[in-house]
Amino acid sequence: MDSELIHLTAHEARGLLMRHEVSSVELTQAVLSHIEKVEPRVHSLITITPELALTAAAKSDAMLNDEKQCGPLTGIPIVVKDNISTKGTLTTAGSKMLSNFIPPYDAHVVTRLREAGAIIVGKGNLDEFAMGSSNENSAFQPTRNPWNTNLVPGGSSGGPAAAVSTGECYIALGSDTGGSIRQPSALCGVVGMKPTYGLVSRYGLIAFASSLDQIGPIARDVQDCADMLTVIAGHDPRDSTSSPTAKFSYSARARTNLEGVKIGVPREYLVTGMEKGVKAAYESALQVLESLGASVTEISLPLTDLALAVYYIIAPSEAMANLARYDGFKYGHSSSQADDAWDLMKLSRGEAFGAEVKRRIILGGYALSAGYYDAYYKKAQQVRSLIRKEFSEFFQKFDVLVTPTSPTVAFKVGSRAKEPLSMYMSDICTIPANIAGLPAISVPAGNSGNLPVGLQIVGPPSADSRVISIAHSYEQATPWHLEHPPLW
Amino acid sequence: MPIISSDDVRYIAALTHLHLTEGEIEVMRSDLSTVLEHFESLQRIDTTEVEPTGHSTDVRSVMRDDEPSDSLSRKYVLANVPEVEDDYFRIRPILG
């Protein structure tokens, strides 16, 4: 009975809760004992909060007695990525720098979750400060892929994606700066979405690259993803980049007919190094979309090839600025070896930041330094303008673009850790959407060698509903969302 | 464009107040050289008169009304401080 409960979607579990066939406390207990079973092999979570979860579940059970107080997440166990602040609960950003940090406030999205009666069961493991594509950069144990524990789950939201995939929660919140929700979702066989930049408040998200970061849902199906987005989206005056007008709403039924939908397929996303199995799954997915009535046209977006370079100059530059606050004075790791304040800063940072974080700080500092600023940072920002323009022209002729989410399926732990550039290439299909602030979703699109493959759908700014709707139609015409990793 | 040197790495480490060991400096130099070589592709693009984009949002200069309210309480401010003395942050000497 418990194992059936664990693998339901949130909307199915909600049905049981609303009919009082199960209580939120029972659901939460089932999830907590599943977590105990799964965690020794998967390590999705840095912190588990059973007592807080059961207290919240009891409160939600009271809410469930009055339908008017209930929403799609009432009583539903959730995981929150550990770079999202939870008041009173350890929030580490996956780093030694914050291994003892307890935020004095909730992130905006966490406030919304609590108001909605969602049950936070734990904090999701991640690459340190959200920098990475495999979850191997976590200062705590790396997360393993639920489909094969010798493989990575992807990153940086590898913990939340794995937790949804194993059944350790129903829905999770991740963050996405260059693909960190979409890529691990693809590698773990779940749905993950990065909303339009500005739709979801970043207040309380530990900053990595402020012009690129967005919080978004990870779920077992598109409806759950849309329900979570409804709860967290909307203006927040505490985030000055939060869109004052953007809203999100979505009605649940999937269209079975995509007549009139114009899909553009840019050939530049079919990179050298894309696995045959991924390409094959992608081509089958395009055939499904055509069979639903959409038109699929191959086109060229030449600036796509520059997106990786643009991202790996802009993101580290912003990261260097955002990580300047970790100085050993106010919070976080403080070196015991320092004689003066300057040493305190240098040594605290040197001792507590991992290799990838240091690499990006140095890269960002270099790109911004006098003598190199024009050639790197300013140039990247100019090319960013051109990329946005290229997308804008594309979206005048097409409704969405559809690409594979990742050029490969999940790879072996340790196989890319020594070669930063090969790790960076994992994000080649996802990065352009962050550069231009576009809504983008990854949905399961079949398997290659028994490992999940993801399909990415990208829309113009503010077309979050459109992207979700097309994803929903594709999902309902295919069996992939019904699969879960056999190990659990 | 010159590929990054060990001196460059040391210089940037000093600017960003980041302590690196000699071993880390060498690995960094090598890793970043590979990465920066890849980025030479950007130089081929003509960006004459193209405005740089700092953000992917069109929101600008967001203001709010100046309404007084409580700030974070001392208890919370001091809760994560590495060294607290009475109600002060205890740090190392800055000058001398």
Report summary line: So, the part of A/Y424 with a heavy atom under 4.5 Å from chain B: the answer is side chain

Requested in this report: Drop me the distance from B/H19's NE2 to A/S335's OG, to the nearest 0.5 angstrom.
Outcome: 9.0 Å

Query raised in the report: Given that the side chain runs from C-beta out, which part of A/S210 has a heavy atom under 4.5 Å from chain B: side chain, backbone, both or neither?
Result: backbone

Requested in this report: Please look at A/E351 and chain B and tell me whether the side chain, the backbone, both or neither of the residue comes under 4.5 angstrom of a heavy atom of that chain.
Outcome: neither

Query raised in the report: So which heavy atom on B/Y76 is nearest to which on A/K87, and how close?
Result: OH-CE, 3.4 Å

**Report entry** Distance (rounded to the nearest 0.5 Å) between A/Y366 OH and B/L32 CG
**Finding:** 9.5 Å

Query raised in the report: Between A/S369 and chain B, which part of the residue has a heavy atom less than 4.5 Å away: side chain, backbone, both or neither?
Result: side chain

Report summary line: Taken to the nearest 0.5 Å, the spacing of A/L363 CG from B/L36 CG works out to 5.5 Å

Query raised in the report: Under a 4.5 Å heavy-atom cut-off, does chain B meet the side chain of A/A436, its backbone, both or neither?
Result: backbone

Report summary line: Taking every heavy atom of A/K330 against every heavy atom of B/F89, the minimum-distance pair comes out as CA-CE2, 3.8 Å

Report task. Sort A/R388 into side chain, backbone, both or neither according to what part of it lies under 4.5 angstrom from a heavy atom of chain B. Result -> side chain

Query raised in the report: Among A/P104, A/S242, A/A324, which has the most heavy-atom pairs under 4.5 Å with chain B?
Result: A/P104

Report summary line: Closest non-hydrogen atoms of B/R92 and A/D340, given as atom of the first, atom of the second and distance, are CB-C, 3.3 Å

Query - Residue A/D343 versus chain B: region with a heavy atom under 4.5 Å - result: neither

Report task. Locate the shortest heavy-atom distance separating A/S211 from B/G54; write the atom from each residue and the value. Result -> CB-O, 3.3 Å

Query raised in the report: Does the side chain of B/N80 reach to within under 4.5 Å of the side chain of A/N100, using non-hydrogen atoms?
Result: no

Report task. Side chain from CB out, backbone as N, CA, C, O: work out which of these in A/P461 comes under 4.5 Å of a heavy atom of chain B, or both, or neither. Result -> neither

Requested in this report: Against chain B, work out which of A/M320, A/E419, A/K379 has the most heavy-atom pairs shorter than 4.5 Å and name it.
Outcome: A/K379

Query raised in the report: Is the shortest heavy-atom distance from the side chain of A/K346 to the side chain of B/L18 under 4.5 Å?
Result: no

Requested in this report: Give the member of B/V62, B/V84, B/T34, B/T47 that has the highest number of heavy-atom pairs under 4.5 Å with chain A.
Outcome: B/T47

**Report entry** Heavy-atom proximity to chain A below 4.5 Å, by part of B/L42
**Finding:** both

Query raised in the report: Counting heavy-atom pairs under 4.5 Å to chain B, which of A/E318, A/K358, A/M345 comes out on top?
Result: A/K358

Requested in this report: Specify which of B/E24, B/K75, B/H38, B/M28 makes the most heavy-atom pairs with chain A at under 4.5 Å.
Outcome: B/M28

Query - Interatomic distance, B/R60 atom CZ to A/T241 atom OG1 [nearest 0.5 angstrom] - result: 11.5 Å

Query - side-chain contact (heavy atoms from CB on, under 4.5 Å), paired with B/S41, selected from A/L306, A/V383, A/V310 - result: A/L306

Report summary line: The interface call for B/A13 against chain A, heavy-atom contacts under 4.5 Å, is both

Query raised in the report: Does A/W342 reach the side chain of B/I94, with side-chain heavy atoms less than 4.5 Å apart?
Result: yes

Query raised in the report: Should A/Y331 and B/V81 be marked as a side chain to side chain contact (heavy atoms under 4.5 Å, CB included) after you check the CA-CA gap, both sets of side-chain angles, and the distance that decides it?
Result: CA-CA 5 Å; A/Y331 43 70; B/V81 174; over 6 Å; no

Requested in this report: Name the region of B/I45, side chain, backbone, both or neither, that has any atom closer than 4.5 Å to a heavy atom of chain A.
Outcome: both

Query raised in the report: Which bit of A/T196 comes within less than 4.5 Å of chain B, counting heavy atoms only: side chain, backbone, both or neither?
Result: neither

Query - Heavy-atom proximity to chain B below 4.5 Å, by part of A/P237 - result: neither

Query raised in the report: Between CG of B/D31 and CD1 of A/I362, what distance do you get to the nearest 0.5 Å?
Result: 12.0 Å

Query raised in the report: Would a distance-only check, ignoring hydrogens and angles, find a side-chain to backbone donor-acceptor pair under 3.5 Å from A/Q382 to B/P52?
Result: no

Query - Toward chain B, the part of A/Y105 with a non-hydrogen atom under 4.5 Å - result: neither

Report task. Measure distances from A/L344 to the heavy atoms of chain B and classify the residue's part below 4.5 Å as side chain, backbone, both or neither. Result -> side chain

Query raised in the report: Is a side-chain donor or acceptor of A/S385 paired with a backbone partner of B/T53 at a separation under 3.5 angstrom?
Result: yes

Requested in this report: Under 4.5 Å, counting heavy-atom pairs only, tell me which of A/D327, A/I387, A/L386 racks up the most with chain B.
Outcome: A/L386

Query - Aromatic ring proximity A/Y197/B/H55, centre distance under 6.0 Å - result: yes

Query raised in the report: When rounded to the nearest 0.5 angstrom, what is the spacing between CD in B/E83 and CZ in A/F329?
Result: 11.5 Å

Report summary line: Ranked by heavy-atom pairs below 4.5 Å to chain B, first place among A/A341, A/G350, A/P420 goes to A/A341

Query - Between B/V35, B/L20, B/L78, B/T16, the one whose heavy-atom pairs under 4.5 Å with chain A are most numerous - result: B/T16

Query - Exceeds 12 heavy-atom contacts within 6.0 angstrom, atom CZ of A/R238 - result: yes

